Undergrad: 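Okay, handing you the structure first.
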2 protein chains.
Amino acid sequence: MSADSPSTDDPLPDFLSSSTSLLLNKSTDLFNDILESAVEPFGLRSKDFIVLTAIDSMGPQSQQQLARTHGIDRTTMVSVVDGLERHGLVQRARNPDDRRKYAIGLTTEGQALLRHKLGPAMLNALDTFLAPFTPDERELFNKFLWRLVHERAPAEPPGGAGAP
Amino acid sequence: MSADSPSTDDPLPDFLSSSTSLLLNKSTDLFNDILESAVEPFGLRSKDFIVLTAIDSMGPQSQQQLARTHGIDRTTMVSVVDGLERHGLVQRARNPDDRRKYAIGLTTEGQALLRHKLGPAMLNALDTFLAPFTPDERELFNKFLWRLVHERAPAEPPGGAGAP
DNA sequence: TATTGTTATACTCTATAACTATA
DNA sequence: TATAGTTATAGAGTATAACAATA
C-alpha cells in the first residue's frame with residue numbers, strides 16, 4: 001500500500017463533488033434508494049405506489065391514462081398492472097362506455113394496503129430523506145423544486161425568433 | 001370527445017404532482033436533458049465531460065480510478081475511454097511504475113476543448129437550469145443539496161443497536 | 001495470489017412494431 | 001380509420017464472469 005495511492009475512497013475533485021449536477025443526481029439516487037427500500041418489503045416498486053395513488057385519488061382509469069400519468073409507454077403499463085393484479089391490489093374491469101378500455105380499480109385489499117401500510121411507509125421514507133432539514137427548510141426545498149420544474153420560460157417555438 | 005374525458009394533458013393528481021419525490025426526479029431529468037443537449041454538438045455525453053474534468057483536475061489516472069470516481073464499473077469505463085480516445089481527447093499511456101495500469105491523460109486537443117468549449121457549455125447549461133433562481137437562491141439550493149448528500153447520520157451498523 | 005484492462009455475456013428497463021378487439 | 005390492450009422484439013445501459021498481462 002504505497003503512500004501516493006489515493007486510498008480506496010473516491011478521490012472526487014472538489015470542483016466536481018460540489019457541482020449542482022452531481023449533487024442533484026446523488027440526492028435523487030439516494031431518495032429513490034430510500035423509496036425502493038420502503039416498498040420492497042411489500043414486494044413492490046415505488047412505481048407501483050405511484051400507480052396505486054393515482055387510482056386512489058382519481059378513481060378507476062384505463063391503462064393508457066395511467067401510462068400517461070406516469071409518463072411511460074402503454075406497453076410498459078401492461079406489466080405494471082399485471083404485477084399489481086397478481087398482488088391482488090387492483091382489478092381489471094371493463095369500462096362499460098368503451099369496451100376497449102379497462103377501468104383499473106383498487107381492490108379492498110389494495111386500498112387498505114395503500115392507506116395503512118404503503119402511505120405511512122412512503123411518508124417515513126420522505127422523512128428519512130429530508131432528515132437534515134428543519135420543517136421550514138423542507139417547505140422551502142420543495143418550493144425550490146417546484147419552481148425549477150414549473151417556473152420556466154416556454155421552449156423556443158420551432159421555426160424562428162417570432163415577433164409577437 | 002366526451003366531456004368527462006380528462007383531456008389529453010397528464011391528469012396528475014395534486015397530491016402526486018407536488019410530491020418531493022416526483023419534483024426531484026423531474027428536476028434531475030430536466031437538468032440531465034439540458035446537460036446532454038449541451039455536449040451533444042461535440043458528439044459527447046455528459047459522462048464524458050465528468051471524466052475529462054476529473055483528469056484535468058487530478059492528472060493522469062488509471063481506468064479503475066476513473067471508474068471509481070464516477071461510481072461505475074471498470075468494464076464500463078473501457079468503452080467511455082474508448083470513445084474519448086476515438087475523439088482524440090485523451091491518450092492511453094502506460095504507468096511506468098505499474099505497467100498493468102494506464103495513465104489516461106488529456107491530449108492538447110482534449111484540454112483545449114474542455115476549457116474553451118465544454119466548460120463554458122456546461123456553465124451555460126447550469127445557468128439555464130437555475131434560471132428561475134436569484135444568485136442567492138442558487139447558492140442556497142446548492143447548500144441544500146450538499147446537506148442532503150453529506151449531512152446524514154451514518155447507516156445503522158449491521159448486527160445490533162449498539163450500546164455506546 | 002491479487003490487480004488492471006479486456007471481452008463475452010446476461011440482465012434490466014424501456015420503447016417500437018405488429019396484432020386483435022372494439023369504436 | 002383510429003384507439004385500447006397485448007405480445008414479440010430490439011435497443012440502451014449496466015453489471016458479472018472469465019481471461020491475459022503484470023505485480
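Worth saying up front: this structure is predicted, and the values here are computed from it rather than measured. Every chain is numbered from 1, with letters handed out A, B, ... down the list of sequences.
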Undergrad: In whole angstroms, how far is the P atom of D:dT6 from the CZ atom of A:Arg74?
TA: 11 Å
Undergrad: Looking at every non-hydrogen atom in both residues, tell me the closest pair between A:Phe42 and A:Ala121 and how far apart they are.
TA: CE1-CB, 4.4 Å
Undergrad: Nearest 0.5 angstrom please: A:Lys117 NZ to A:Leu44 CG, how far?
TA: 13.0 Å
Undergrad: Could you tell me the separation between the CG atom of A:Asp73 and the C1' atom of D:dA10, rounded to a whole number of Å?
TA: 14 Å
Undergrad: How close or far is atom P of D:dT22 from atom CZ of B:Arg94, stated in whole angstroms?
TA: 8 Å
Undergrad: Think A:Gln63 has a side-chain N or O under 4.0 angstrom from the OP1 or OP2 of D:dA4?
TA: no
Undergrad: I'd like the 5' and 3' limits of the part of DNA chain C contacted by chain B, with heavy-atom contacts below 4.0 Å.
TA: C:dA2 to C:dT7
Undergrad: Can you measure A:Arg92 atom CZ to D:dA4 atom C1' for me and round it to whole angstrom units?
TA: 12 Å
Undergrad: Let me spell it out: for each of A:Thr75 and A:Arg99, pick the nucleotide of DNA chain C with the closest heavy atom. Which residue's pick is nearer the 5' end?
TA: A:Thr75
Undergrad: More 5' along DNA chain D: B:Asn95 or A:Arg100, using each one's nearest nucleotide?
TA: A:Arg100
Undergrad: I'd like to know if the side chain of B:Thr134 pairs up with that of B:Asp136 as donor and acceptor (distance under 3.5 Å, no hydrogens or angles considered).
TA: no
Undergrad: Hey, which of these two, A:Pro96 or A:Thr76, hits DNA chain C nearer its 5' end, going by closest nucleotide?
TA: A:Thr76
Undergrad: Less than 3.5 Å apart, which donor and acceptor atoms pair up between the side chains of residues 31-38 of chain B and the rest of the protein, not counting sequence neighbours?
TA:
from	atom 1	to	atom 2	distance (Å)
B:Asn32	OD1	A:Asn25	ND2	3.3
B:Asn32	ND2	A:Asn25	OD1	3.1
B:Asn32	ND2	B:Thr28	O	3.3
B:Glu36	OE1	B:Arg45	NE	3.1
B:Glu36	OE1	B:Ser46	N	3.4
B:Glu36	OE2	B:Ser46	N	3.4
B:Glu36	OE2	B:Ser46	OG	2.7
B:Ser37	OG	B:Asp33	O	2.9

Undergrad: For B:Asp98, answer base if it contacts any base atom (sugar-phosphate contacts may also be present), sugar-phosphate if it contacts only those atoms, and nothing otherwise; contact means non-hydrogen atoms under 4.0 Å.
TA: sugar-phosphate
Undergrad: Please give, in whole Å, the distance from D:dA23 C1' to B:Gln64 CD?
TA: 14 Å
Undergrad: So which atom in B:Pro120 and which in B:Leu114 form the shortest heavy-atom distance, rounded to 0.1 Å?
TA: CD-O, 4.3 Å
Undergrad: When you measure from the side chain of A:Val78, which nucleotide among D:dA4, D:dA18, D:dT7 comes out closest?
TA: D:dT7
Undergrad: Aromatic rings B:Phe144 and A:Phe141: how do their planes relate, parallel, tilted or perpendicular, breaks at 30° and 60°?
TA: perpendicular
Undergrad: Starting at CG of B:Leu22, measure out to NE2 of A:His70 and round the result to the nearest 0.5 Å.
TA: 8.5 Å
